[in-house]
Trainee: 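I have a structure I would like to understand better, so I am pasting it below and will then ask my questions one at a time.
In each ligand, atom 1 is the first atom listed, and ligand 1 is the first ligand listed. The model shown is predicted, which means the values in this text are computed figures rather than measured ones.
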Amino acid sequence: MRIQRRLMLAGLAIMAPAIAMPAAAQTNVTLTHPLPLASHYGAGSQAFKEAVERLTNGRYRVTIQRNDNEREGIEATQIGTQEFTITSTGPVGNFVPDVLILDVPFLFRDYAHARGVLDSAIGQEILTKFSARGLVGVAWMENGFRNLTNSRRDVNTPDDVKGMKVRTMENQVHMRAFTTLGALPTPMAFSELVPALQQGTVDGQENPIPVIVANNLNQVQRFLSLTRHVYSPAVLIGNPAFLARLTPADRALFMQAAKAAVDANRAKVTEDEQTGVAELRRRGMTVREQVDTAAFQAALAPAFQAYSQQFGAANLQRIRDWRPGS
Ligand code: EAX
C-alpha cells in the first residue's frame with residue numbers, strides 16, 4: 001500500500017504542470033454609450049476600459065459598444081444584459097426623478113459651477129437615489145452646455161423660436177421650457193435625431209458643442225446659436241447585481257476607473273469647447289455666439305415658477321448658491 005501511495009504522489013507531481021490552475025479567470029463587462037468613439041463619451045469609456053484592465057491585471061476586460069438609444073442602455077444596465085452605460089441625464093429622469101432638478105435651464109453659471117455641484121454633497125446625494133430604482137449611479141460625467149441648432153433661421157431671441165419644431169430629449173423639464181418659449185418640442189431618442197432632421201420632421205435640435213461636432217450635425221443643420229440654455233450632465237450607471245458581486249477591493253478599483261473616466265470625459269469637453277465652434281464655422285454653419293440670454297430667461301419665467309413648485313425653491317437656490325468650498 002505504501003508503494004502505491006508513493007507512486008501515485010510521484011505521478012501527481014510529474015503531472016502537476018498539466019493540471020496547474022487555469023490562468024486567472026477573466027470576466028468581460030460591457031459598457032455602452034450613444035456617441036462616436038472619438039467623442040467625449042468615447043474618451044471617458046476608453047479611459048474606464050484601460051483603467052479597469054490595468055488595475056485588475058486583466059481579470060476584468062471591458063467591451064465598449066455604441067448604442068445611440070440611451071433609454072435602451074439604461075434599461076439593459078438595469079436588467080443586467082450589460083454592466084455599465086454612459087448617458088446624458090436626458091432620459092434618466094424617467095427612471096430616477098430626483099435627477100430632473102439638474103436639467104433646469106440656466107441653473108448652472110459655467111462648467112466649474114456644474115462640476116463643483118455634481119462632485120459636492122448635492123450631486124453625490126442625487127447619485128444615491130439611483131439604487132432605489134434598480135440602478136447604481138457610479139459617477140457624474142459630462143455632456144456639456146446645450147446650444148440650439150436649426151435649419152430655418154438665425155436665432156437671437158425667444159421670438160425666433162416661436163413655432164419652431166425642436167427635437168428635445170425625452171425630458172419633461174426640457175419640454176416644458178421649449179413649450180413656454182412657444183416652440184413645438186418633439187421628444188425622441190438620439191438614435192432618431194438625424195433622420196428626423198434630414199426628413200424635416202423637426203426644424204432644430206439642441207445639444208452641446210461636443211455632440212454637434214462628433215456627430216457632424218452641421219450636415220443637417222445650418223444655424224447654430226450659443227444659447228447655453230441648459231447644462232447637461234452625463235452619468236456612468238452600473239448594474240447593481242454585478243457591482244454587489246465584486247469584492248470590496250475590486251469595487252474600489254472600479255470606482256478608481258470611474259474617476260479616470262470622469263477626468264478624461266471632462267477634459268475632452270473642455271477641449272471641444274475650445275475648438276468646436278471654429279470647427280463648425282469651418283464646416284459651413286452660421287454661428288451666433290451672443291444671443292439675448294436675458295430675454296430667454298425672462299420668457300421662461302412661467303417655467304421657472306413651475307420648476308420651483310416641482311423641485312422646491314430652496315433646493316434650486318442651494319444649487320445656484322454653491323461656491324467652491326461651500
Ligand atoms: O448624450 O440625446 C441627446 O441629445 C444627448 O445629448 C446625446 O445622446 C448625448
Side-chain angles (χ1 to χ4, degrees), residues 31-45 48 64-77 84-96 99-100 102-105 108 111 114 118 137-150 165-175 177-178 183 185-198 201-218 220-221 224-237 261-262 264-266 268-269 272-273 276 280:
L31 176 150
T32 65
H33 69 79
L35 298 179
L37 289 183
S39 68
H40 51 318
Y41 290 1
S45 55
F48 182 72
I64 300 167
Q65 292 172 349
R66 181 175 181 183
N67 179 348
D68 51 7
N69 185 313
E70 292 181 314
R71 190 174 6 89
E72 283 178 7
I74 300 166
E75 288 164 351
T77 304
F84 295 96
T85 197
I86 296 172
T87 173
S88 75
T89 53
V92 176
N94 302 307
F95 297 82
V96 187
V99 169
L100 284 167
L102 300 173
D103 296 321
V104 169
F108 295 100
Y111 279 105
L118 294 174
V138 176
W140 288 116
M141 294 178 68
E142 182 164 84
N143 196 14
F145 278 93
R146 303 181 76 90
N147 300 293
L148 182 68
T149 67
N150 82 92
K165 290 177 288 186
V166 178
R167 176 269 177 175
T168 68
M169 296 194 284
E170 295 156 307
N171 182 294
Q172 295 298 327
V173 170
H174 293 182
M175 290 167 66
F178 281 95
T186 311
M188 65 180 78
F190 187 70
S191 47
E192 300 163 47
L193 172 59
V194 171
L197 291 171
Q198 284 169 329
T201 315
V202 293
D203 305 311
Q205 66 88 47
E206 41 86 59
N207 246 295
I209 294 298
V211 174
I212 300 169
V213 171
N215 292 279
N216 293 303
L217 294 186
N218 48 283
V220 285
Q221 296 278 259
L224 165 63
S225 292
L226 300 189
T227 48
R228 296 167 67 92
H229 52 279
V230 161
Y231 171 78
S232 184
V235 56
L236 173 63
I237 300 176
V262 172
N265 157 252
R266 286 176 173 173
K268 185 70 169 77
V269 172
D272 286 350
E273 285 284 10
L280 290 168

Trainee: Testing Met175, Met188, Arg71 for side chain to side chain contact (heavy atoms under 4.5 Å, CB included) with Glu170, which one passes?
Mentor: Arg71
Trainee: Determine the sole option in Thr85, Val138, Thr77, Thr87 for which the side chain to side chain contact (heavy atoms under 4.5 Å, CB included) test with Leu236 is passed.
Mentor: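 Checked Thr85, Val138, Thr77, Thr87 against Leu236; only one passes side chain to side chain contact (heavy atoms under 4.5 Å, CB included): Val138.
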Trainee: Taking all heavy atoms of Pro105 and all of Val173, pick out the closest pair and write down the distance.
Mentor: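 Smallest interatomic distance, heavy atoms only, reads CD-CG1, 4.1 Å.
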Trainee: N/O of Asn207 under 3.5 Å from N/O of ligand 1, yes or no?
Mentor: yes
Trainee: Determine, step by step, whether Glu273 and Tyr111 satisfy the side-chain hydrogen bond (donor to acceptor under 3.5 Å, both in side chains) criterion, reporting the C-alpha distance in whole Å, the side-chain angles of both residues, the deciding distance to 0.1 Å, and the verdict.
Mentor: CA-CA 11 Å; Glu273 285 284 10; Tyr111 279 105; 2.4 Å; yes
Trainee: If you measure every N/O of Glu206 against every N/O of ligand 1, is any gap under 3.5 Å?
Mentor: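 Between Glu206 and ligand 1, no N or O pair is found under 3.5 Å apart.
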Trainee: Taking the side chain as C-beta and beyond, is there a heavy-atom pair between Val213 and Asp272 under 4.5 Å?
Mentor: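 No - every pair of side-chain heavy atoms lies 4.5 Å or more apart.
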Trainee: Is there a polar contact, in the sense of an N or O pair closer than 3.5 Å, between Ser232 and ligand 1?
Mentor: no
Trainee: Can you sort out which atoms of ligand 1 are near Tyr41, meaning under 4.0 Å from one of its heavy atoms?
Mentor: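 What qualifies from ligand 1 is 1 (O), 9 (C).
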Trainee: Checking a contact table here: which protein heavy atom is nearest atom 1 (O) of ligand 1, and how many Å away?
Mentor: Glu70 OE2, 2.6 Å
Trainee: Distance under 4.0 Å to a non-hydrogen atom of Phe190: what atoms of ligand 1 satisfy this?
Mentor: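 Those atoms are 2 (O), 3 (C), 4 (O), 7 (C), 8 (O).
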Trainee: Please state whether His33 comes within less than 4.0 angstrom of ligand 1, counting heavy atoms only.
Mentor: no
Trainee: Determine whether any heavy atom of Arg167 lies closer than 4.0 Å to an atom of ligand 1.
Mentor: yes
Trainee: Under a 4.0 Å heavy-atom limit, does Gln205 contact ligand 1 with its side chain, its backbone, both, or neither?
Mentor: neither
Trainee: Any atoms of ligand 1 less than 4.0 Å from a non-hydrogen atom of Met169? List them with their elements.
Mentor: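 Atoms satisfying the 4.0 Å criterion: 2 (O), 3 (C), 4 (O), 5 (C), 6 (O).
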Trainee: Would you say Tyr41 and Pro210 make side-chain contact, with heavy atoms under 4.5 Å?
Mentor: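 Answer no - side chains too far apart.
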Trainee: Would the distance check show the side chain of Gln221 and the main-chain N or O of Asn150 forming a donor-acceptor pair, the cut-off being under 3.5 Å?
Mentor: yes
